[in-house]
Amino acid sequence: MIKDLILQDNTNQRLPCVVLLDGSTSMDGKAIDNLNQGLSILEQELKADDVASLRVQLLLLRIGGHSDVEILTDWTDAIDFSAPQVEANGTTPLGKGVNVALRQLEDQKKKYRQNQITYNRPWLFIITDGAPTDLNWERAAEKAVEAEKKGKVVVFPIGTEEADFEILNKFSSRGAIMLNNLDFKELFVWLSQSVSAGSQTEINSETQLPAISWGAVPS
Amino acid sequence: MYKLGSVSVAGLTSENKPKLNQDYAVCKETSSGYAAVISDGAGSAIYGGIGSKCVSRTVIKALQKQHILIDVDSFSELIFNAVEKSLKILRRLSRLYRLDAQITAFSATLVVAYQTGDKCFCAHLGDGACMFFNDANELIKISLPENGEYINETFFVSNKDWANNLRCFEFTENKTNCLVMSDGVTPFALLNDAPFLEFTKPMLNFLRTATLDEATEAITTMLTSQKATGISSDDKSLAWWITC
């Protein structure tokens, strides 16, 4: 026993994580209800995780309305995260949303560097039930893949069973995953466990993600 | 009169089982002083543990053979030659045992602290930290971790240009107390790029009064405690010298 010795987690490490949510009209009904329930679960799960609650930082973006990208939750530590209510109306400007997400991630990394905060490679989750309605989505998809190749971000495109996976696959070199039965609850439990693992990744290691129980690679 | 010691414990897997310890820590008397070395084998490198052991032992042997007082240039040359020698050994080992492994399979970081007469030296590649204190537990010098853009990236002896990232310094002080640590310990030993005093002060006070056995036991218990493993699941190593 070493008298008076205090062990305190002094790391100021962060895992920046953007969740880009589809709030278009087609999500109305069961999909949006399940999504909102899923977000509440994400809040609970992250807050219950001692390490992730302090290291994971979230930015929630919604695409919808008149080709809008709305910041639902600005950058916040997971411990302070409060699940927003997502509304379903309007179009699916996915390309615009991805552009905003990539820009936000770069700005946030710049802030970390200015404040001498160490960070993990950022993650971007794209969750949609359809296909982009904006014109420049292909350029945005290229930018996302390019950013992945340069090690700037890890992109996880996730679509419901109705989503256009041929298009979604273009947003990441790892390909998209199909969410089964609108099971947003399981998706957000997995997302919480994944970011928790990601926030504790050791030197020169890849993050080992939990197995996916909520979906599959689309055929 | 001085006290030397080192402890290295394995981290935990995601299933809370002990990993294979890839750190190596050693603190030894040399012909004209004492030296502490810690090397951390990369988790993703299959033979990182062999790499860290080989590099540490080669460096400490080189320092043990050193007889004359040296300046920082000759100190960094000595470290450079020792690391290059260890890389040759590892390549030979890979061929001999048909491991079919590139040198990156032995990736490891390096932190070296060396006191000889009234000179102190530090050589540092990658993460981990090295701190020198006076008798009042006040910091004299510190060498901080160096990572890449992301916190899970750092520099290893196996990198092609490793010597470009080797940081060396010297200072004059004939009585120092030194703590050298791997990146499993820095999360609770550092705060805002400075020693976390609520950790370092009690630790130094304890090391002054404890025997080597007592120190080894207490530090092992502390590093394997639930609190410590909750902060970092990585392997954890601490090496020290205390001048009494």
Side-chain angles (χ1 to χ4, degrees), chain A residues 1-17 48-57 105-106 108-110 112-123 147-148 150-154 193-211, chain B residues 11 13-14 19 22 40-45 48 104 107 109 126-128 145 147-154 156 182-184 186-194 196-203 205-207 209-210 214-215 217-219 221-223 225 227-228 230-235:
Chain A
M1 176 81 176
I2 304 169
K3 201 176 161 225
D4 300 330
L5 184 110
I6 293 177
L7 291 182
Q8 191 170 295
D9 189 353
N10 296 316
T11 48
N12 51 11
Q13 178 179 337
R14 291 288 186 277
L15 170 65
C17 177
D49 187 318
D50 290 343
V51 177
S53 61
L54 297 174
R55 291 190 183 173
V56 175
Q57 279 206 317
L105 281 169
E106 287 308 307
Q108 189 65 4
K109 286 200 284 185
K110 204 167 151 189
Y112 291 149
R113 288 194 289 270
Q114 280 165 353
N115 293 295
Q116 293 184 310
I117 294 171
T118 54
Y119 53 94
N120 295 92
R121 196 185 310 274
W123 289 9
E148 265 194 334
K150 287 182 180 166
K152 288 172 182 282
V153 65
V154 183
Q193 289 169 349
S194 299
V195 290
S196 173
S199 69
Q200 296 173 64
T201 305
E202 288 168 14
I203 295 292
N204 206 30
S205 301
E206 291 296 318
T207 305
Q208 199 127 39
L209 298 180
Chain B
T13 64
S14 50
K19 295 179 193 170
Q22 306 245 63
D40 174 0
S44 62
T104 47
S107 291
T109 64
D127 55 21
N147 294 92
E149 182 185 0
Y150 303 117
I151 185 68
N152 57 326
E153 297 172 346
T154 193
F156 301 111
S182 65
D183 68 333
T186 49
F188 40 84
L190 288 177
L191 176 62
N192 299 331
D193 290 349
F196 179 50
L197 299 179
E198 281 145 305
F199 177 87
T200 55
K201 276 188 178 179
M203 178 61 76
N205 290 338
F206 169 74
L207 291 172
T209 56
E214 286 166 347
E217 191 187 336
I219 292 171
T221 304
M222 180 268 291
L223 294 179
S225 66
K227 176 87 180 165
I231 295 168
S232 168
S233 59
D234 206 351
D235 301 332

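This is a predicted model, so every value here is computed, not measured. Atom set for the values below is all heavy atoms of this structure, side chains included, hydrogens, waters and symmetry mates excluded. Reminder, nothing fancy here: chain letters follow the sequence lines and each chain counts from 1.
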Minimal heavy-atom distance between Arg55(A) and Ile231(B), with the atoms involved, is NH2-O, 3.5 Å

Among Gly184(B), Gly148(B), Pro202(B), which has the most heavy-atom pairs under 4.5 Å with chain A? Pro202(B)

Ile6(A), Thr118(A), Asp4(A), Asp50(A): which one forms the most heavy-atom pairs within less than 4.5 Å of chain B? Ile6(A)

Return the set of residues passing salt bridge (charged side-chain N to carboxylate O under 4.0 Å, His left out) with Lys201(B) (not counting sequence neighbours), or none when no residue passes. none

Salt-bridge present (Arg121(A), Glu149(B); N to O < 4.0 Å): no

State which residues pass side-chain contact (heavy atoms from CB on, under 4.5 Å) with Ala147(A); sequence neighbours excluded, sorted by chain then number. Leu102(A), Lys152(A), Val153(A)

Asp193(B) portion near chain A, given a 4.5 angstrom heavy-atom threshold: side chain

Under 4.5 Å to a heavy atom of chain A? For Leu190(B) that would be backbone

Under 6.0 Å from the CD atom of Gln116(A), do we count more than 12 heavy atoms belonging to anything else shown? no

Applying a strict 4.5 Å limit to non-hydrogen atoms, the region of Gln8(A) in contact with chain B is both

Heavy-atom distances under 4.5 Å only: say whether Arg14(A) touches chain B with side chain, backbone, both or neither. neither

Examine whether an atom of Thr200(B) lies under 4.5 Å from a heavy atom of chain A, and if so say whether it belongs to the side chain, the backbone or both; otherwise answer neither. neither

